[in-house]
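Working notes for the structure below.
Chain letters run A, B, ... following the sequence lines, proteins first, then strands; residues in each count from 1.
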Amino acid sequence: MTSLRELALSTLQLSKDYGDRPAVLPIDLQIPFGQHVALVGHNGSGKTTLLRMVAGLLDPSGGSARIGGHLSGSTPARAALSWLSDTPTFYDDLSLREHLEYVAQLHGVSDSSVRAEELLSRLQLENRGDDIPTTFSRGLRQKAAIAIALVRPFQVLLVDEPFVGLDEAGKQSLLELLDEAAADGRTLIVATHELTFVDRVQRLLALRDGELVYDGSPGDTDVHQLVRAG
Amino acid sequence: MSTVSLNAVSLNSKALRAMRRTRQRHRLGNIEWFDAAYRAYLVGIFGGGSVLWISSSVRDATVSAASAADFAEFAPPILGLLAAFALLVGLRGGAQGGPVALEAADVMHVMLAPVDRRRALLRPALQRVRGAIFTGAIAGAISGQLAGRRLPGSLLAWAGGGALFGASVAMLWVGSALLAHTVLARSSRVPRWSATAIGLTLVAWQSVAVYFAMDSGSTKVAGPADAFGSLALWGWRQHSTDLIATAVGLLAVILGLLLLSRISLEALARRSALVAQLRFAVTMQDLRTVILLRRQLNQERTRRTPWRRLQRITNQKPRTRTRALTRSVFRRGWHGLLRFPATRLARMAALSVAFGVLQATVVRGTTPAVLLSALVAFVIGLEVMEPLSQEVDQPDRTDSFPVDRGELLARHLLAPTIALLPFAIIAGAAAVITLGSIDAIAPAAIFALPNLIAGAAGGVVSIVRDAPDPFSADKQQSFVPPEMAGFGATIRLLWPIVVSAFGCSMVFILRVAVDNDGPLIGAAIRGAVGSLLLAVVVGYWVKVRDRIRRKFRAFMAEGRTQALGAR
């Protein structure tokens, strides 16, 4: 039996409901370190709720989630997990470079400038580094959020709808960055509606109305059928 | 990409402090100091002036020794009731995710980083505590010096006692909120409603203490918050045991701060966006948005299933387009009203009781109660006119309908006005019970509904007045000089409440009849007619407001063109 510490993410009967409306039905998951996972499902299927519970942003109604054996939301779990939200939030008095410096420092990186500049360059943001990201367009905000999520050290990357608002060049840069993270042995869990992305992962999870309806290889199923609402 | 060991926890408080300092410098650098000083000056002038005016309106004659003795007996339990309510509000707010709020970016970047959460939350929590204590102390000091004008003891001592009372109540509120959040709401074994149940129990207990204190013949019952109330009398006499109240408040705050790391990130994330909007709405003096956001903060959601489903519309077509419009809007109104959550209905019922009691108090001779009743009716108006608010909040959709906006909005008044009926019955019953006379039943039955409608009219004015201006795209010029802008903003804030106050003042017709032993039913009919007239005027204003504004702007533009031509 695999020890919890050997698993990047493990959930035990993890569930969430909002009053009398269940958002995520009890889910048991075991994702080993280094695995590249896609999470699909129709709108309202519970993908974001599941990821936010794993990130520690939502209190589960039942069960628990662990990152590397540590309860989600605990300090070691936060050190290991990077969360890229579908709704990026920024300080309205810090430039993008200051955001990168701040977040990196909060994660114990004293000098992040080289990595920050590399990310800015690869996301075509080098000329916007000194601007305030709250003033950016939807696509630029998404790119800024990607840079912030990747500037810090992490072992597990949770990504929610990363391609929304990105132009083709941005999508390509993000795919390259995700591939690099995967090649470095990081665990990636990406919730997406971009079904072409599913071909790049090792494991596919599908949710329908809060229930895990598929957990396996992406090649063994009809993904289009899975993401249809029940 | 660098790696991180799961156990290598980096408590980077230094980075947090450094960045907070940097951000503070940025903020200070962005402040327009002259503007800030001008605002402080205005607050000082108007705030100080208001306090002086209210203070001077209290008669300076000291009460008799007997009255002072009565006061000493009644005041602790009655003022203790305030503390019990503060506790209830704190417990309820804490269970729903209060009282700390962070910026959304702080939730994402700081709270998800491996920093010591208690340390990261300490500053915003202390700011909350500090703000509450300051507000409580100021309110207490003002009230204390007002009391000191009629009671034995110096004004300064009364102000000090009041400040101590206010600060202690504020600490109780914020401390209980922190404890409810970190202990009750975070425990999976304790249901969330238990916080409200505890608060209600203590309020009920304190109310019993008040009841027995007012009944001079009966034995006394000690209330749980008597010590708080007694603290308010320190300007006159000091009981060292009252300091227990301050100690309890302080202890609640300290325990709450010690448990800060247990604060729910879900609650912080939810509140962060709402609190930012709430602050903005308060800055903009947008009372309707303040109420809307308060509802969201309290997680008050509309019902998924309505209390009753409306019958499907028949195929019978209305004879005219106007009737079709009226029917559609009327049905839409009921669809919204029938989804009001139980908590909102309960709140409206409680407000209706307060409205009835206050109006009865006016009839009995307490004139200032009319202002309080106007405020209550105004809030009831904002609550019940939700369908109208929803329409106003969707300007793009509203403007896409092939109907005049005024016609549409005016029709939105129908369903909520009818929905006021049960609340008018509650208010009428409360008024009759307060007056304690069977003779009051018939006048109350006649007067209650029109009176409540007229009082709620201020809410309608507030909602429609804040609707986006369909002419805003046009090049406009303000007709008010900049020096008058602040005054204009104050008038703008007060205008809806003035309308509510005017509606509620119809109760004076009944008071005059009572004072002169005149016919009550006749007075009630006259009052009802006056109230309905006001309601009709407000309804008509809603209907023609856009047209009037359009004409006025055209008139002003024409005047400017002619003036330029003359040059």
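Qualifying side chain to side chain donor-acceptor pair (under 3.5 Å) partners for A/D93, counting only residues two or more places apart in sequence or in other chains: B/R23.
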When you look at B/M108 and A/L57, which way does the side chain to side chain contact (heavy atoms under 4.5 Å, CB included) test go after all the steps? CA-CA 9 Å; B/M108 278 293 165; A/L57 279 163; 3.7 Å; yes
List the steps and the verdict of side chain to side chain contact (heavy atoms under 4.5 Å, CB included) for A/L106 and B/V110.
CA-CA 7 Å; A/L106 285 175; B/V110 177; 3.9 Å; yes
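Heavy atoms only, all atoms of each residue included: A/T89 and B/A105 are closest at OG1-CA, 4.0 Å. Listed here is the closest heavy atom pair of A/R78 and B/M111: CD-O, 3.1 Å. In this structure, B/L112 and A/A55 approach most closely via the heavy-atom pair CD2-O, 3.5 Å.
Between chain B and the residues A/Y91, A/Y102, A/F90, the most heavy-atom pairs under 4.5 angstrom are made by A/Y91. Counting heavy-atom pairs closer than 4.5 Å to chain B, the top residue among A/R52, A/K16, A/E101, A/E118 is A/K16. Looking only at heavy-atom pairs under 4.5 Å with chain B, the residue among A/T134, A/L81, A/D59 that has the most is A/D59.
Applying the 6.0 Å contact sphere to CZ of A/R138 captures more than 12 heavy atoms from other residues, nucleotides or ligands.
Using a 4.5 Å cut-off between heavy atoms, A/E98 contacts chain B through both its backbone and its side chain. A/S85 touches chain B through its side chain: at least one heavy atom from C-beta onward sits under 4.5 Å away, while N, CA, C and O do not. Contact annotation for A/R21: both backbone and side-chain heavy atoms come within less than 4.5 Å of a heavy atom of chain B.
Between A/H99 and B/H109, the ring planes are perpendicular. Angles over 60° get that label, and only those under 30° would be called parallel.
In this structure, the separation between CD on B/E266 and CE on A/M53 is 9.5 Å, given to the nearest 0.5 Å.
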